[in-house]
Structure formats: structure tokens, C-alpha cells
Visitor: 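My structure is below; once you've seen it, I'll send some questions.
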Number of protein chains: 2
Amino acid sequence: MKKSTKKKATIYDLSVLSGCSASTISAVLNGTWRQRRISESTAERILGLARDHNYTTNMQARGLRSSQSGLVALLLPVHDSRYFSSMAQTFDARVRERGQCPIVISTCRDPKEEYQTVETLISYSVDTLLIAGATDPDSIHRLCKEAGLKHINIDLPGRSGPSVITDNYAGAVELTWSIINSFSDDDSITPSDIYMFGGRDDHNSRERNRGFRDVKDAHFKTKTEETIVPTGYAPGFAQKAFEEFYETHGNLPRGIFVNSSINYEGLLRFMAKHPPETFENLVIGCFDYDPFGSFLPFQVTMVRQDVEKMIDRAFQLIDAGEMTPRTYLIPPQFVPQRTALTGPLDLLKDVP
Amino acid sequence: MKKSTKKKATIYDLSVLSGCSASTISAVLNGTWRQRRISESTAERILGLARDHNYTTNMQARGLRSSQSGLVALLLPVHDSRYFSSMAQTFDARVRERGQCPIVISTCRDPKEEYQTVETLISYSVDTLLIAGATDPDSIHRLCKEAGLKHINIDLPGRSGPSVITDNYAGAVELTWSIINSFSDDDSITPSDIYMFGGRDDHNSRERNRGFRDVKDAHFKTKTEETIVPTGYAPGFAQKAFEEFYETHGNLPRGIFVNSSINYEGLLRFMAKHPPETFENLVIGCFDYDPFGSFLPFQVTMVRQDVEKMIDRAFQLIDAGEMTPRTYLIPPQFVPQRTALTGPLDLLKDVP
DNA sequence: ATTGATTGCACCATCGATTGTGCAATTTTG
DNA sequence: CAAAATTGCACAATCGATGGTGCAATCAAT
């Protein structure tokens, strides 16, 4: 019983077909018909008609009227990292559970793109916005606030809104200890054996740096010299940093704290240019979990940021209307070598 | 010069402020003012006002009127795989270049979610839809067609619309040869040494299976027995398949063609339960590229599906209005062991 | 049988932008 | 200088759904 006319059915079409007014149709179809005292029988009749003509609500019209959209957006620096893609996967699932429509957008860490994208999202009346790793959270916060858009920072904190982030310090401390403890006592290491690569001058990097330094200082019982090489987040820059270190010293540091899985890819690029033996005794600690990265042929421990808890907490705060600029820390999970965690990928509705 | 009232400026606000009519404002702001013979001076004045009051178009209103949205959507089975996340990354970049707004949504390979999601997207008047790995492309095609939504299949072909997919057969052939050729001549292998794990009964798997069989038959100069273990796409099922094989045979096959990077994660889970020595002489060929997966401690070659070309071709076809149900094959890229390709991640606008 | 409450729905303005049409004022043409 | 052409803009209908308000019909109560 499908209309062969190309156009989609509207409440007006159903209005004519049913003999009811458009407002009645509207009420029935959006579920408010009980409050509007539409009789059960008319409701059923209309719902039947709607099914037959496979009516679907025009969300633009509804959105225009109600200035809502049912869309919930996640703003990502990049898609192509297992940290962010697992975040997207979890986000999608959670938003669907809430009966809304999840959309995910990346901005390549470009502040201009970020700003414009948020403006666009606002113009679509997106209901809620999760901002992951914004480079300039505060100006985005201002935008959202002016538009009355519920939003929250994930991963990187902002000064003006609530933020749910990983406990970077705690994670860095654990990771650094695990690197140091990988070396047996008789195989003595010096402060210059342990380096940190990656990151830049953002909150997360600073906290990770602090954890790294504190543990080094505690272990070597002295204020150790600077062994942190910030490279930004792009893999190419990290690669260059490894190359330079290698050229200067003739080898890599014996233990390396890698600031993120994207920086870890910089190490991959370095590895591709050097024989496997170069890495036989390497000890890596990576802040971020990548399942394949956990099985590389050297000692590698990882820290998995708990995206599920972060997303859940974010929605709790949003539902509670909490907009105070507070930062909520989520403890990350320490991941030993050769570990394949189950994750959002297991949400696949697939048959064996 | 910002209005302190919370509400966003509309063309009517600007209309009052400028003394012009709303239609004039509209024309100026959407760029059609020349055709509507609005004088340059009024245009400039209005544009100035718009800037001062930081006007932005309400896309829901525009969309309602013009039944367009400026949104371009990519439907993904899952986010959390480097194949799909690199596809998303490339997609985002391309759509931005076209001045539209990219949105990415995953459906967990759930046909019901897929269908509903497409319905939702239609109700938002999404302009264009790229469908990656739909489980039921044809019913989705029908939906889109009825709604007049421009769409195209990526990755998995549909019978009713145009499809841009990887040349799975060619990729599988190359990959299988590379597995076989990894064994030196004096280290003779038998047909039962080479297995294929993963995939199920979809077009891509069938083509990959065919390539695998053809090469095996050619190499062993005989119709070889069945050595394909379909497991579906979920990592958990693949893991189970490896476990079962191992229990039955006491070892893994010497050479394994893994159907996808997600199945490869099933192998990871298996690996986590067995000592590293188990895998020392393993030869893996994986259909899909994962940078970390390329550095695992055994021989592993991969096939990278060329997402850039796929996306580009898809947009070409869409722009050309090509809606004939034809399948366009994109040759994949063979990736040797220990290779770290640059990719969409390098789009990161980051500073060293 | 009258009054009052309740049921069941229709009417209509509204959200913000787009666009076909009309018309006065100005400029050009002959 | 009158007619024709052009310029510059205003008017109003429209996209599809929402929700406040109003009103007739039915039912209950006195």
C-alpha cells in the first residue's frame, strides 16, 4: 500500500486520508496524543495509516518548530586511531540506547575547522555535543553557551565547562614504573636511559610529563635532567624526533614512554627504516591502547583510557544539567604486554 | 556588537535592523543576491550587519524549505577498525573540501539498525549517503531511491545501485601468493599447511575465497581440499575458530590468510593465550592493513584497500549522477612486512 | 431538564528561510 | 519628452510539524 508518487507522506496527507486535522495527526505520531485527549481508536487508525503509507517524520520541520534535532554529536580530532575510534564506537552505542541519533565528526585538530564545525552543528540544532580533544575548548564553550547547546569536554579539559578526562597523572605514573621495572636490578639503568616522546603543551601532556618526571625522580632519587621530547601529535613529527635521537646517540633510549598511540605510529615509521635487531631489547610504555600495538616484538605495556566510563560519566553530567567547570578524572586501565582486550568491536551483531 | 539576548539572530532581526525585507536579507546571505538584482551597497551593508550580530543560517529552516541539508553521511559497520576509521578520515576530508558537512555513523552490522539509521538520515534530508559494508544493500537502496537520496555502495556491492569496491579477487590472489612464496623451496609445504580464516557469505568473502582457492590450486597443481574456515567478522568468533583448529591439530596452519583486520584481532586474542614461541614461524597474510599489525613478530604481509580512490570514485559517480547498478573495482595495495604507510592520519594539522 | 464537567478534536499562529511575482522608481531609448 | 527597459526591492506563499486555545458534543450531577 505504497504511494507511487515520489514525495514522502506528510501529516497533511494523512490528515486528508483520515479526515482528521493535521494537529491530531501530529499528536498521534509524536506520542503526545494522550495528553491531547485523542481517543485510542483514532490514534490506532492514524498509526495504521502511517504505517501503510510508510510515513516518517520530517526532522527538519520538527526541528525547526521545536529547535531540537534528536542529534547528538561527537567531535573528534581524528577518526584513525584506536583510542578515538573506540570512543566513537562506544558513543554510537550509548546514543542509540538513548533513542537519539549519533553523529561523529573529525576536525583534524584544526582550530578553525573545530570552530566552524561547531557553528554548523549549532545551525542544525544538535541537542548535545561531546567535544574530544578540542584544541581551543574555551572558545567552543562560548559558542555552545550562547546557543544554549548542552556540551561537555572529553579527553582534554576546558576551563569553562565540565570535562571528563583520563587521570593522566596516575596513568603516567603507573606506566613509567612499569618501564623502569622492566629492567632487572643487575641490569642497571641511568636516568638518560629513560625518555619520553610525544605530546605537546596541552593539559594531558603536562600531566603525563609530570607523572613521568615524578617517577623518574623517585626512582633515581635525584632531580633528573630533562628527558622529554615533545613532538606534537602527528606521527611524522614523532618519527623525525626518533630519527634525530638515533643519529645523535647512535641508538634509541633503552626505555621510552610514548605519549599516545598516534605518536607510537611515529615509532613504527622509524622501525620500518631500521632492522628488527635494533629493537630487540627496547622497552616501550605507550599512553593509549592499541590491540596490535600490544603484540610488537619488544616489551610494551600500555595504558588504556576508559572510554566507556568517560562517555557514561559525560552523559550523566549532561542529564543532570551539570555545567559547572569541573574536571572529572577517570582512572585508566593498565595493559600488560601481549594483551588483546575485548572492546566496543564486540558489539558487532554478527553470526558465527 | 553582540546581542545580549540569548536567541540567535534571524533574517527577520536583520530585516528590522537594516530596514530591508527579509527576502532581501535571505538573498544576500545565501549568495543569490546578484541574480535577484540587489545592489552591491545594500548587500555589503547587510553582510556587515550579519557579521556584527554573528548571524548564522538556521539550517533546519533552510533545509525544510529547500529539502536539502548540506549533510553528507557515511554509514559504517563499525568505527573501531583501521580500515573503516581510515575510510572515515578520508571521507571527512573530502566532504569538507566540497564545502559540505561530513557525518559518520556506525551500525554494528545490524540490518535493523542500518535500515532505521537510513530512515533517520532521510528524515534529516541528508544530501548524499555513502554506504560501507551494508548487510542488506538492496533494501537500503530502495529506501534511498524512494526518498530521492543520492547514494552509493562502498566496500560491499549492492545489486541495485552503483558500487565502488576493492578488487577482492586480485588482492586475494596476490596475498595468497605472498604467503606461499614465504616458504623456501626446500621447506616444502602441503595444501593443508595453508588455511584461510574469517569472513562469511558475502560478496567480498566469496571473491577472496575464490582468489585463495585459485592460487592454491595453481600452486599445488591440483584441486585442493577445503581449507577455508569462515567465522563471520566478529573477533570473538575468529578467536574461537583458531582455538578449535589448534585443539584439533596441535598447532596452527603454517600459513594463514586472514580475511580482515577484525578477524586478525581474533588471532591476537588467540595469541594472548599462547606463548610467543607458538608463532615464531607463522606466516600471515591479512586482507586489510593495520600499521601495528604489520610489525607483529612473524611474517605478515597485508593488503591495503585504497580508501582514497574508493571515496574519490564514489564522489565522481555521484557528481555525474551515475545511478546504474554497476560495480567499480579499485585495486588494493600490497603491503610488505614491517611497513608503516602514511595515511589520512597525516592530515593532522599539528605543529612539531 | 438544566448546569457543569469532561471528552475529542479542529483552528491557527509559529519556527526561519526560500522564491515566484509584482511594482515603483530610475534610467535608457527614440 | 513619452515610451520602453532596467534597477531594486517588497510581498506573500510555502516547506512540515508543533502546541496553545477554543468549541461542540457527550456525560454526569442535582
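To find a chain, count down the sequence lines: A is the first, B the second, and so on, and within it residues start at 1.
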Visitor: In whole angstrom, what separates B:Tyr55's OH from C:dG16's C1'?
Guide: 7 Å
Visitor: Over all heavy atoms of both residues, which pair between B:Ile140 and B:Ala134 is shortest? Give the atoms and the distance, please.
Guide: CD1-CB, 4.2 Å
Visitor: Expressed in angstrom and rounded to an integer, what is the separation of B:Ile11 atom CD1 from C:dC15 atom P?
Guide: 12 Å
Visitor: What closest approach, in Å, do B:Pro77 and B:Ala132 show between heavy atoms, and which atom pair accounts for it?
Guide: CD-O, 3.2 Å
Visitor: Please list, in 5' to 3' order, the outermost nucleotides of DNA chain D lying under 4.0 Å from any heavy atom of chain B.
Guide: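 Contact boundaries, 5' end first: D:dT7 to D:dG16.
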Visitor: Could you check A:Val104, A:Ile154, A:Leu130 and say which one makes a side chain to side chain contact (heavy atoms under 4.5 Å, CB included) with A:Met87?
Guide: A:Ile154
Visitor: Go nucleotide by nucleotide along DNA chain C from the 5' end; which of B:Ala61 and B:Thr24 gets its closest nucleotide reached first?
Guide: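 The residue mapped nearer the 5' terminus is B:Ala61.
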Visitor: State, to the nearest 10°, the angle formed by the axis through the first five base pairs of the helix from C:dA1-D:dT30 to C:dG30-D:dC1 and the axis through its last five.
Guide: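 Taking five pairs per end, the axes differ by 40°.
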Visitor: Quick one: B:Gln68 CD to C:dA17 P, roughly how many Å, whole number?
Guide: 16 Å
Visitor: Where the side chain of A:Ser39 is defined as all heavy atoms beyond and including C-beta, which of C:dT19, C:dC9, C:dT18 is the nearest nucleotide?
Guide: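 For the A:Ser39 side chain, the nearest candidate turns out to be C:dC9.
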Visitor: Is the closest side-chain heavy-atom distance between A:Met323 and A:Pro162 below 4.5 Å?
Guide: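 Yes, their side chains come closer than 4.5 Å.
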Visitor: Does the plane of the ring in A:Phe315 sit parallel, tilted or perpendicular to the ring in A:Phe91? Use 30° and 60° as the thresholds.
Guide: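 Geometry flag for A:Phe91 against A:Phe315: parallel rings.
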Visitor: What is the distance, rounded to the nearest whole Å, between atom CH2 of A:Trp33 and atom P of C:dA10?
Guide: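 After rounding, the reported distance stands at 15 Å.
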Visitor: Tell me the interatomic distance from B:Arg65, atom CZ, to C:dG20, atom C1', rounded to whole angstroms.
Guide: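 Whole-Å distance recorded here is 9 Å.
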Visitor: With sugar-phosphate meaning primed atoms plus P, OP1 and OP2, does B:Thr57 contact a base, only sugar-phosphate, or nothing at under 4.0 Å between heavy atoms?
Guide: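 B:Thr57: backbone/sugar contact only, no base atoms under 4.0 Å.
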Visitor: Quick one: A:Gln60 CD to C:dT18 P, roughly how many Å, whole number?
Guide: 12 Å
Visitor: When we call it a touch if two heavy atoms are under 4.0 Å apart, what does A:Ser23 touch: a base, just sugar-phosphate, or nothing?
Guide: base
Visitor: OP1, OP2 of C:dA10 versus side-chain N and O of A:Ser21: anything below 4.0 Å?
Guide: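 Answer is yes, contact under 4.0 Å.
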Visitor: B:Val78 and B:Ser106: which non-hydrogen atoms are nearest, and at how many Å?
Guide: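 Minimum heavy-atom contact is CA-CB, 4.0 Å.
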Visitor: What is the distance from CG of B:Asn30 to C1' of C:dT19, rounded to the nearest Å?
Guide: 10 Å
Visitor: Measure across A:Gly133 and A:Glu114 and return the closest heavy-atom pair with its distance rounded to 0.1 Å.
Guide: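 So the minimum-distance heavy-atom pair works out to O-OE2, 4.0 Å.
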Visitor: If you measure from the Lys or Arg side-chain nitrogens to the Asp or Glu carboxylate oxygens, is any gap between B:Arg34 and B:Glu40 under 4.0 Å?
Guide: yes
Visitor: Indicate, with a heavy-atom threshold strictly under 4.0 Å, whether B:Thr42 touches base, sugar-phosphate, or nothing.
Guide: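 Sugar-phosphate, backbone atoms only, no base.
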Visitor: Determine the contact category for B:Arg37: base if any of its heavy atoms lies under 4.0 Å from a base atom, sugar-phosphate if only primed atoms, P, OP1 or OP2 are that close, otherwise nothing.
Guide: base
Visitor: When all nucleic acid strands are considered with a 4.0 Å heavy-atom cut-off, which category describes B:Thr10: base, sugar-phosphate, or nothing?
Guide: sugar-phosphate
Visitor: Using the closest heavy atom to pick a nucleotide of DNA chain D for each, name whichever of B:Ala43 or B:Leu64 lands nearer the 5' end.
Guide: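 Nearest nucleotide further toward 5': that of B:Ala43.
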Visitor: For B:Asp13 and C:dA17, what is the distance between atoms CG and C1' respectively, to the nearest whole Å?
Guide: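 Rounded to the whole Å, the gap is 13 Å.
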Visitor: What's the spacing between A:Thr120 OG1 and B:Gln100 CD if we round to 0.5 Å?
Guide: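 Between atom OG1 of A:Thr120 and atom CD of B:Gln100 there are 11.5 Å.
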Visitor: Indicate yes or no: does A:Asp127 engage A:Lys150 in a salt bridge with an N to O separation below 4.0 Å.
Guide: no
